[in-house]
Amino acid sequence: AKELKAGAVVFQAEEHVTAPSRLTVLGDLRRALEGDGELFLNYQPKYTLDGERIEGLEALLRWKHPTQGLIPPGDFIPAAEGTGIILRLTERVLDLALAQMRCWMDAGHAVPVAVNLSTRCLLDAGLPDLVQRLLTEHRVPAELLRLEVTESAVMGDAARCMAVLQRLHDLGVKLSIDDFGTGYTSMAHLRRLPVDELKIDRSFVLGMTTTAHDAVLVRTAIDLGHNLGLTVVAEGVEGAEHVTALRELGCDIAQGYHYARPMAGEQMSELLERVGT
Ligand code: C2E
Ligand code: CA
Ligand code: CA
Ligand code: CA
């Protein structure tokens, strides 16, 4: 009984430390969602490995907190995922991305943009209707929108996620498997998913020129993707040596600091004006 009591005290103490900070994040996030300006998107280009053309962009969420400054997505998205806030956050991201895409289209740049989806969103049967409504509202063709989902997202409640993914795919939206290699997607599973693109996780890309294991993994992922008819993207490409190695392996697209860091929409507009699409 004594042990139990001691344990209970420790538990209470921990709760006391973690609960308020998480609640503060969620409260502040709710408030940020009411206004506009605090939450915005950065865009990172993806380049074709033969010819180095911009093939598309990835939208990455940023939160400029009024007192804490810029908070990275890894510090608030996991908290939001535990609640319904992630759905509102995703709606905001889609709205911002599609509004920006409309502007770029009007300037003559019909550039595909990818938005990241949390696991939680794939369990929401209302997501495909939301996506369709926003595409219509912003007059953006579905083919220009891409949605990135992680392997783990799809492994959870497979049947339910699959139905949502299939409906999104039926809209004409392109789907990507994000962070490939970090989860446990079996080949059979991957074949059944209505995906168009596979993104190799940056941890393997980072190690591919120095670690034999990583090099094997990258090569295997590229071959697997190609055998399934998917476009293969390497993320986290930081050095020229990675570009050379990826080209040799026949990888299709590269994204990473070697080419460009994520940037504000305005900067991206300038880049698109300069290099075209
Ligand atoms: P992710 O989807 O894997 O996005 C790629 C992350 O790698 C981004 O971090 C990007 O800035 C970073 N990155 C790009 N190139 C390089 C490189 O060459 N080297 C290194 N070291 N890093 C690189 P970021 O923007 O901090 O986003 C982190 C994660 O937060 C994303 O990982 C994604 O899982 C999540 N996230 C971002 N925006 C959203 C969003 O709108 N919705 C959801 N659900 N998740 C998001
Ligand atoms: Ca991503
Ligand atoms: Ca990724
Ligand atoms: Ca990641």
Side-chain angles (χ1 to χ4, degrees), residues 29 32-33 38-47 56-64 70-101 112-124 127 130-131 134 145-154 161 174-183 185 195-209 218 221 225 231-243 246 253-265 267-268:
L29 201 49
L33 277 165
E38 263 181 64
L39 294 165
F40 60 98
L41 298 177
N42 270 356
Y43 298 88
Q44 188 180 32
K46 292 156 71 183
Y47 286 81
L57 315 174
E58 178 172 5
L60 295 156
L61 184 58
R62 299 291 178 259
W63 181 13
K64 194 164 187 318
L70 207 59
I71 305 179
D75 288 0
F76 63 93
I77 287 174
E81 277 173 343
T83 75
I85 293 180
I86 190 64
L87 299 173
R88 290 174 54 204
L89 204 57
T90 303
E91 179 170 1
R92 174 63 60 86
V93 171
L94 284 166
D95 194 44
L96 288 169
L98 289 166
Q100 179 62 264
M101 288 165 81
V113 175
V115 162
N116 291 282
L117 283 187
S118 292
T119 313
R120 173 79 180 244
C121 298
L122 291 183
L123 295 173
D124 181 7
L127 183 71
L130 171 69
V131 170
L134 291 169
L145 181 65
R146 294 186 182 151
L147 297 172
E148 300 191 358
V149 299
T150 59
E151 295 175 77
S152 56
V154 187
C161 289
K174 297 259 187 304
L175 302 175
S176 307
I177 287 286
D178 204 355
D179 301 345
F180 185 78
T182 59
T185 313
V195 295
D196 310 279
E197 185 183 84
L198 184 156
K199 297 186 81 175
I200 305 172
D201 191 69
R202 73 161 181 264
S203 57
F204 306 112
V205 176
L206 188 68
M208 73 176 290
T209 50
V218 170
T231 302
V232 181
V233 181
E235 56 175 34
V237 175
E238 293 188 2
E241 72 276 20
H242 297 128
V243 175
L246 288 163
I253 292 159
Q255 175 182 359
Y257 296 168
H258 171 75
Y259 295 96
R261 294 194 174 240
M263 62 186 91
Q267 270 178 288
M268 184 53 80

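The basis for the numbers below is simple: all heavy atoms, side chains too, and nothing from hydrogens, waters or symmetry mates. Note that ligands are numbered from 1 as they come in the structure, with each ligand's atoms numbered from 1 the same way.
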Query raised in the report: How long is the span from the CD atom in E148 to the CZ atom in R146, to the nearest 0.5 Å?
Result: 9.0 Å
For the Ca ion (ligand 2), does an N/O/S atom of [X] lie at less than 3.0 Å?
X    : answer
E235 : no
D179 : no
N116 : yes

Query raised in the report: Within the structure, does N116 bring an N/O atom to less than 3.5 angstrom of an N/O atom in ligand 1?
Result: yes
Report task. Would you check the N or O atoms of E148, main chain and side chain alike, for any that come under 3.5 Å of an N or O of ligand 1? Result -> no
Query raised in the report: Looking at the Ca ion (ligand 3), which N/O/S atom of D178 is the nearest one?
Result: OD1
Query raised in the report: Is the closest heavy atom of P72 to ligand 1 under 4.0 Å?
Result: no
Query raised in the report: How open is the angle at the Ca ion (ligand 2) from atom OE2 of E58 over to atom OE1 of E148, rounded to 10 degrees?
Result: 90°
Requested in this report: Check each of S118, A114, A59, S203 against atom 44 (N) of ligand 1 and report the one with the nearest heavy atom.
Outcome: S118
Report summary line: At under 4.0 Å between heavy atoms, what of Q255 touches ligand 1? The answer is neither
Requested in this report: Using a 4.0 Å heavy-atom threshold (strictly under), name the region of D179 that reaches ligand 1: side chain, backbone, both or neither.
Outcome: side chain
